[in-house]
J.: 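The structure's right below; bear with me while I get my questions together.
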Amino acid sequence: MNGYLKVDKDDVIAVIDERIYGSFIEQLGRAVYTGIYQPDHPSADSDGFRQDVIEAINKLNVPLIRYPGGNFLSQYRWEDGIGPKEDRPTRLDLAWREIETNQFGLHEFMKWSQKVGAKPNMAVNLGTRGIQAAADLVEYCNFPGGTYLSDLRQKYGAKQPFKIKTWCLGNEMDGPWEIGAKTASEYAHLANETAKAMRRVDDTIELVACGSSSMDNPTFGDWEETVLDECYDNIDYLSLHRYYGFYNDDDPTELDNFLGKNVDLDQFIKGVVAMCDAVKARKRSNKTINLSFDEWNVWYHSNDADTKVTPWQVGPHLLEDVYNFEDALLVGSLLITLLKNSDRVKIGCLAQLVNVIAPIMTDTNGDVWLQSIFYPFMQVSNYGTGVALTPHVDVPTYSSREFDSVPYLDTITTYSKDAHSLTIFAENKNQHEEINFKADLNNFKCDQIIEATQFYGYQPKETNKDGQMELKPLIKVKLDDNQVTAKLQPLSWNMIRISVK
Ligand code: AHR
């Protein structure tokens, strides 16, 4: 099968906001306890942070991390996580029915996120709490000093303000599972009033309002309109969440359908952009609301196991999906979709980062191991920088149970002027045929291929539990002037990096 790509240096989708490669740590399962924080682990540093985990995260080059939830957020009192550890209360976490010891809290998160080189994306509880607790948290974090809360921060060790820029106004408040779930108008009013108060404390912050927690929620659409209508002037981003899940393994055509889920993601994004812009027009506003896709991933493998977990444990094994090769292909394709929409998607958070539906797993009494999905994410977050170029693609498409027209070749090219390089990410979704790939890179002065890799040769259901997965060299790749040719193997994820003069 032939697959043709044309890009032009001047045909730019957008400058990629590096925060599109963000991730998420929730106080859930073993994300924190025995994940990133385990004082008795041999690799723990003096703060109790696992250095083997930090090393793995560094490879992923994650610029932004959302915290502390998630569903956990909606019943959380941030004050529980500050001050001397021995004085912190142990609480019931009603979201996940766990015991929360609060041994890891705000200061620990701030210190840890610095160690992994990420900025915080902090969230305020709008489930059981509201305006005052949120404004207090901004004061505690961002006010320089001389007030009760900012002095308390100093007393507890942080002389300088944290200067947290990005804040989420609650989590999934449209979801009936959420503690303190709201109707659209209840949430819109609370979010707007909270935004106003938070901005009074610090007018440099950016705010993300909750959009729908899934496109499948019955209130999708109405929710966005109501929230945008009331909050438009006081927010900067609207959030989207999407997880892709189970399919019937006995039917081989279902893999085609699963790998086509990026089409769904694209429709979701474009739908929410349209809603933002409709409200903008109706309000005759000059302001554009961008998107924060602050939870996305594959999530289903752990569903059965999770129903059997005994409640009220500290750090239980929850949401520990073990990802396989087909999941990695879908994650790669979802990343390409985010980049294709990088004119409006400015923040993205792979949910989550460690142990909980995560690319990085820990053995409590052992080492870190990397999931299949680690590899495409690592490549895109490291090399998908600069600008995203519009992909003009000519390739056959297929139809599947849910989608009419899925291109067999999914691809995006990014160009970094600073790094003098461009990177092509290309996925072949065909289960049986290779793609004869040809790409014209117009208006570039291509120099040479720096690196070409393929993630290929694994069974769709194969996982990386034994650590055998690796990126292999893509051998049949050539650069001739500004044209690249390559053979993309059936079911493969590929990256070609080229230096430009
Ligand atoms: O990421 C796991 C959960 O998924 C989060 O807690 C919640 O926001 C979403 O439903």
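Just so it is clear, the structure is predicted and the values come from calculations on it, not from any experiment. All ligand and atom numbering here is 1-based and tracks the order in the structure.
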J.: Any idea how Y375 and F455 line up, ring-wise: parallel (<30°), tilted (30 to 60°), or perpendicular (>60°)?
T.: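 Y375 vs F455 ring planes: tilted.
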J.: Is it the case that the ring center of F162 lies less than 6.0 angstrom away from the ring center of H107?
T.: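 Yes, they do, as the ring centres are separated by less than 6.0 Å.
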J.: Hey, could you give me the CD1/CD1 distance between I57 and I360, rounded to the nearest 0.5 Å?
T.: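 These two atoms lie 5.0 Å from each other.
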J.: Below 6.0 angstrom between ring centroids: does that apply to W299 and Y243?
T.: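 So the answer is yes for these two rings.
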J.: Would you check ligand 1 and list the protein residues that come within less than 4.0 Å of it by any heavy atom, ordered by chain and number?
T.: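 Residues near ligand 1: F24, E26, G70, N71, W96, N171, E172, Y243, E295, W299, L319, Q352, I357.
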J.: Starting at CG of L106, measure out to CD1 of I164 and round the result to the nearest 0.5 Å.
T.: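 CD1 of I164 is found 6.0 Å from CG of L106.
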J.: Near K465 NZ, under 6.0 Å, is it more than 12 heavy atoms from other residues, nucleotides or ligands?
T.: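 Open: at most 12 neighbouring heavy atoms sit under 6.0 Å from NZ of K465.
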